[in-house]
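Worksheet: the structure to be examined is printed underneath.
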Amino acid sequence: MAGQATGAAQTVSQLVEIWRQYRPATIQRLVSIEAAVAAIVTDTLNDQLRAGAHADAHKLAGSLGTFGLHRASDIARVLEFLFEVRTNFSREETLRLCNLTTELRARIEQGPTDEHTRVEPSDVPLLLIVDVDANVTESLSVEAAGQGFRTKQAATLTAAHATIANDRPDLVIVNVSSTYADGNALEFIETVTCRNPEIVVVALGNRDGFMDRVDVARHGARGFIAEPISHAQAIATTADVFRRTKPRPTRLLAVDDDAQLLEAVRVLLRPINVEVTGLTDPVKFWEVLNEIRPEVVLFDVAMPEVNGIELCRVVRGDARWKHLPILFLTEHTDGFVVQQIFEAGADDYMSKPIVAPELVTRVRNRLERTMLTQKMSDTDAVTGLMTRRKVFDALGDAIHVASERNDPLAVALIRLDRFTPMREQYSPLQMDEVLHTAGDILTSFFRSEDSVGRWSDGEFLAVMNGLTRAQGVHRLGDLLERVREQRFSPAGADAIGLSFSCGVAEFSKDGVDAEQLYRAAGAAMEYAAETGGNRVVGAGASNPRSKREAVDVVLVDDDEALSKLIEHALQTRGYRTRWFPDATSFLSVVEPAEGLSMKLLLLDVEMPGMDGYALLRKLAQEEVVKRTRVIMLTIRSAEAEVMKAMELGAFDHIAKPFSMPVLMQRIRRAIEA
Amino acid sequence: MRKVLIIDDEGDLREIASMSLRTMAGWETVVASSGKEGLAVAEREKPDAILLDVMMPEVDGVATFHMLHGNAITRGIPVVLLTAKIRAADKERFAQLAIRGVIEKPFDPVTLPQQISAVLGWGD
């Protein structure tokens with residue numbers, strides 16, 4: 001291996017030599033790209049310039065990486081994509097082109113560094129597009145390149161798995177409406193998100209199709225993009241989902257009269273998600289500090305007019321900023337200056353010239369300490385969930401995003417049933433254990449882009465992006481079932497079961513700000529608790545003051561045990577239900593001038609006396625099926641039976657034995673349709 | 001000793017590939033800056049393999065491959081394509097040709113010989 005190492009060292013040094021020799025040619029290609037970008041800005045781009053820039057970007061994409069300039073290579077590839085097909089660029093795209101070109105020049109001028117053979121993970125995110133239709137993947141790729149992504153494509157799930165293993169994409173778009181020869185798209189999403197929780201998976205599909213947001217979210221996708229949608233919009237939405245899952249960059253304000261040094265700091269810190277604002281004029285420090293509100297500052301010691309040590313003293317003397325972490329860069333490493341730096345209240349210092357790994361480590365250390373304190377104050381100590389303040393802020397942010405994108409948003413307020421008697425029965429420490437377990441269940445249940453926090457003693461608030469009220473009610477129904485299955489065993493006490501009452505409100509139907517939404521969810525939660533608890537209720541369903549008895553679902557089935565099970569599952573999801581064991585008892589309530597109104601009828605086929613078909617036929621004659629959707633519960637899913645039910649006017653049918661979640665989904669769809 | 005012909009219109013990449021194969025693997029290299037020149041060099045030098053850039057002016061990589069394949073002297077020499085971009089349409093074209101393998105640009109000069117060996121099944 002020694003020979004290999006020597007060979008590598010030789011290769012590297014020869015590479016630097018070749019770079020020197022070909023640098024002018026490389027710069028020439030860069031100039032051609034810059035000319036095209038300039039032409040875009042002045043709206044004078046012609047086809048010759050565009051084609052030239054395209055060819056030059058292609059060449060740079062293929063060569064810069066070989067010199068170890070991987071980031072530059074990626075930028076060139078993005079530019080190549082843009083110049084290949086586009087003639088029109090939006091303002092935002094033009095701005096991005098300018099920034100990319102500026103960075104490309106900086107990278108090329110910097111040239112290969114000695115670390116060049118180490119393949120750095122690029123900070124241009126890699127997007128994998130999975131669809132059987134090559135035209136779609138190609139078109140999405142072009143859009144994605146325009147919005148700053150690198151892309152890979154896969155037409156089969158097997159190929160997609162291979163790309164994920166080899167290239168570790170940052171995010172994946174899967175068309176879930178496509179039929180893949182080698183597997184199921186939802187299972188694919190589940191496998192990917194289980195194995196690689198850091199990869200963001202977004203599903204693209206038809207809203208009216210079999211799959212919807214809830215199904216897709218259950219399988220681990222972070223977002224659902226409903227077709228029809230333009231490819232540009234699909235990529236913009238994906239980028240948005242991706243950005244939301246990314247932690248917000250940390251803001252660092254660097255003050256140094258050397259602009260080049262500031263640029264170096266900016267480039268070096270970007271991989272650790274630090275956004276650097278450089279300031280060369282220390283006189284403007286106070287103004288910029290209050291404008292960008294950084295989380296850490298970096299001062300040069302020696303600057304004209306005001307020096308860094310003076311600035312540091314001023315910061316430490318101000319009540320708002322005295323805890324701000326402060327780092328110093330200094331040419332002087334003599335004891336006196338270092339002593340002055342620390343006396344002024346600095347947290348750390350580094351000597352110039354900057355050594356890349358040192359800068360990254362020192363800044364990271366400083367931030368980790370700050371973030372730890374921050375995280376502690378944002379996290380409820382008992383449950384591990386967000387604090388009330390934090391989840392309320394998160395709700396505000398989510399409302400902002402939802403209103404911009406015209407997306408729904410569901411807010412759930414959850415109260416543990418029997419909380420006060422529990423308080424009396426258990427010691428505070430035992431209560432903490434119960435709440436801790438509840439916190440664990442909530443944490444594992446919600447998706448990472450949802451927010452869930454402890455609202456008060458036994459109450460929790462959950463914010464679910466992209467869900468409607470009905471979808472939220474269903475999702476919380478799932479949670480309620482999970483909570484009921486769990487045994488809580490505080491030390492020294494018998495294991496107990498828990499349940500909760502929950503109200504769900506939707507932005508913007510039930511409220512347009514955080515306050516209104518949580519009040520609407522709260523009113524529904526109170527109603528759920530008053531009507532016996534252990535259920536989830538949507539906002540607005542709480543006041544059935546009509547004289548006529550109104551229910552959501554009526555069930556006619558002679559199997560009492562099964563009926564009770566179905567009723568329970570429905571009530572968990574906030575539906576009002578009635579059960580009748582046979583057609584006669586049902587008709588006696590429905591027939592006298594509509595004594596009972598219902599949205600949905602679940603009708604068993606095989607019953608003693610009048611069977612399901614006969615009853616359906618009678619209801620069809622009386623035009624009840626026009627006002628009420630009917631789902632037939634059949635024994636076999638034989639085609640003849642299905643056809644018969646449909647001809648008589650049934651909305652849907654489901655064959656026994658069925659799984660309860662599937663039945664719940666069908667019912668929700670029938671009621672919402 | 002292995003001898004590899006590198007056909008690429010870009011001087012820097014030609015030199016790096018050549019330097020890499022010589023320094024890292026101790027192979028002999030010959031170079032050409034166009035398809036036409038490549039065919040002549042291949043006829044004369046009879047290399048063990050040809051590393052061929054896809055995107056070149058005038059005669060591009062695929063056309064060059066057809067020339068090499070149509071020539072009695074050079075047709076048996078395995079060809080590895082060097083390309084900066086593999087699109088779905090290209091893949092189909094490549095699959096129809098008797099190309100031995102594709103190496104993506106930018107390549108890593110330290111591991112380029114290993115990549116070529118792997119593609120060609122050379123056991124050294």
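Of the atoms belonging to B:I16, heavy atoms from both backbone and side chain fall under 4.5 Å from chain A. Contacts of A:S63 with chain B are made by both backbone and side-chain atoms, with heavy-atom separations under 4.5 Å. Of the two parts of A:R23, neither the backbone nor the side chain holds a non-hydrogen atom closer than 4.5 Å to a non-hydrogen atom of chain B.
Separation of atoms NE2 (A:H58) and NZ (B:K105) is listed at 6.0 Å; rounding is to 0.5 Å. Atom CD of residue B:E10 and atom OG1 of residue A:T26 lie 9.0 Å apart, to the nearest 0.5 angstrom. Atom NE2 of A:H70 is separated from atom CG of B:D108 by 7.0 Å, given to the nearest 0.5 angstrom. Rounding to the nearest 0.5 Å gives a distance of 10.5 Å between CD of A:E17 and CE of B:M19.
A salt bridge links A:K59 with B:D9: at least one charged nitrogen is closer than 4.0 Å to a carboxylate oxygen.
Here the closest heavy-atom approach between residue A:I18 and residue B:D12 is recorded as CG2-O, 4.0 Å. Heavy atoms only, all atoms of each residue included: A:L15 and B:P109 are closest at CD2-CG, 3.8 Å. Residues A:S73 and B:P106 approach most closely at OG-CG, 3.4 Å, considering heavy atoms.
Within 6.0 Å of the CD atom in B:E58, the count of heavy atoms belonging to other residues, nucleotides or ligands does not exceed 12. Few gaps surround CD on A:Q21; more than 12 heavy atoms of other groups in view lie less than 6.0 Å from it. Surrounding NZ of B:K36 are at most 12 heavy atoms belonging to other residues, nucleotides or ligands under 6.0 Å away.
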